[in-house]
Amino acid sequence: MEKFEFLLGDWNLEYRIPKSAFSEAGSDSGTGTIKRALDGKYVYFDYSTRKGGEAHAIFAWDEKAKVYRYWWFENTGNFLTATCNFVNDETLFLNWHDTLLIQTFTKESPNKVVLRMEHPNAQGKYESVLEVIFTRK
C-alpha cells in the first residue's frame, strides 16, 4: 500500500464534467481526504462536494489475484467496484467492473493529482466524462 503515498493527504477538489452520454456539462468543487487505515492494510478516500455529493471509497490489496480492489459508495446509494493497479509510480489505473469506464489518478506534481474518467465513444476512442483536479491543502 506504499504506492498510494502520492495520493495521501487532504485535498481541494475541482470537478470538470464535459457534456457526454452520462451527463450535461457542469462543474463542482469540494474537499477530500485520502488516508491509510487498519494498520496500513487499506486506503480510504472520503470526499464531499459543494453541491452535496458525498462518497467513501476503499482500496485494498488482493494477495491472491495480485491486484488492488476498489469499492466506491455514494450518498445517492450508487456503488461500484473496480480492479486497479499502478502502471508506474505516479499513475494508478482503474477498470470499473460492469461498465466500460476507465479511470486514472495521475500525479502531476507533489501537490497536484488529476483524476480522469473516460468512456469509449462510437469511434472506439476514449472520451472524458469526468476530470477532477486534486490540489493539496
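These numbers were taken from a predicted model, which means no experiment stands behind them.
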Phe59 and Tyr68: aromatic ring centres closer than 6.0 Å? no

Please find out if less than 6.0 Å separates the ring center of Trp61 from that of Tyr70. no

Only counting residues at least two apart or in another chain, list the ones meeting salt bridge (Lys or Arg N to Asp or Glu O under 4.0 Å) with Glu131. Arg16, Arg116

After noting the C-alpha distance and the side-chain angles of Thr33 and Asp10, does the key distance pass the side chain to side chain donor-acceptor pair (under 3.5 Å) rule? CA-CA 4 Å; Thr33 298; Asp10 295 317; 2.8 Å; yes

Rounded distance [0.5 Å steps], CD in Glu14 versus CG in Leu115: 13.0 Å

Could you walk me through whether Asp89 and Lys3 satisfy the side-chain contact (heavy atoms from CB on, under 4.5 Å) test, starting with their C-alpha distance in whole Å, then the side-chain angles of each, then the deciding distance to 0.1 Å, before giving a yes or no? CA-CA 7 Å; Asp89 288 340; Lys3 288 189 167 201; 4.3 Å; yes

Answer whether the closest heavy-atom distance between the side chains of Thr106 and Val113 falls below 4.5 Å. no

Pairwise side-chain contact, Leu94 with Thr104, heavy-atom cut-off 4.5 Å (strictly under): no

Would you please classify the geometry between the Phe45 ring and the Phe134 ring as parallel, tilted or perpendicular, with 30° and 60° separating the classes? tilted

Closer than 4.0 angstrom, basic N to acidic O: yes or no for Arg36 and Glu2? no

If you apply the rule side-chain contact (heavy atoms from CB on, under 4.5 Å), what do you find for Leu13 with Thr49, and how did you get there? CA-CA 8 Å; Leu13 308 173; Thr49 70; over 6 Å; no

Please walk me through it: do Asn78 and Leu80 pass side-chain contact (heavy atoms from CB on, under 4.5 Å)? CA-CA 7 Å; Asn78 277 340; Leu80 292 170; 6.0 Å; no

Between Lys137 and Thr31, does the side-chain contact (heavy atoms from CB on, under 4.5 Å) criterion hold? Intermediate values first, please. CA-CA 9 Å; Lys137 288 184 174 183; Thr31 58; 3.6 Å; yes

If we only count heavy atoms from C-beta on, is the Glu54 to Tyr47 side-chain gap below 4.5 Å? no

Does any part of the side chain of Ile102, heavy atoms only, come nearer than 4.5 Å to the side chain of Phe93, both counted from C-beta? yes

Tell me every residue that passes side chain to side chain contact (heavy atoms under 4.5 Å, CB included) with Pro18, counting only those two or more places apart in sequence or in another chain. Ser128

Using atom types as modelled and distance alone, determine if a side-chain donor or acceptor of Asp62 lies under 3.5 Å from a backbone N or O of Lys66. no

Roughly how far, to the nearest 0.5 Å, is the CD1 atom of Ile133 from the NZ atom of Lys112? 5.5 Å

Residues at least two apart in sequence or cross-chain that pass ring pair (Phe, Tyr, Trp, His ring centres under 6.0 Å) with Tyr44, listed by chain then number, are His56

Nearest 0.5 Å please: distance from the CG atom of Leu8 over to the CZ atom of Arg136. 8.0 Å

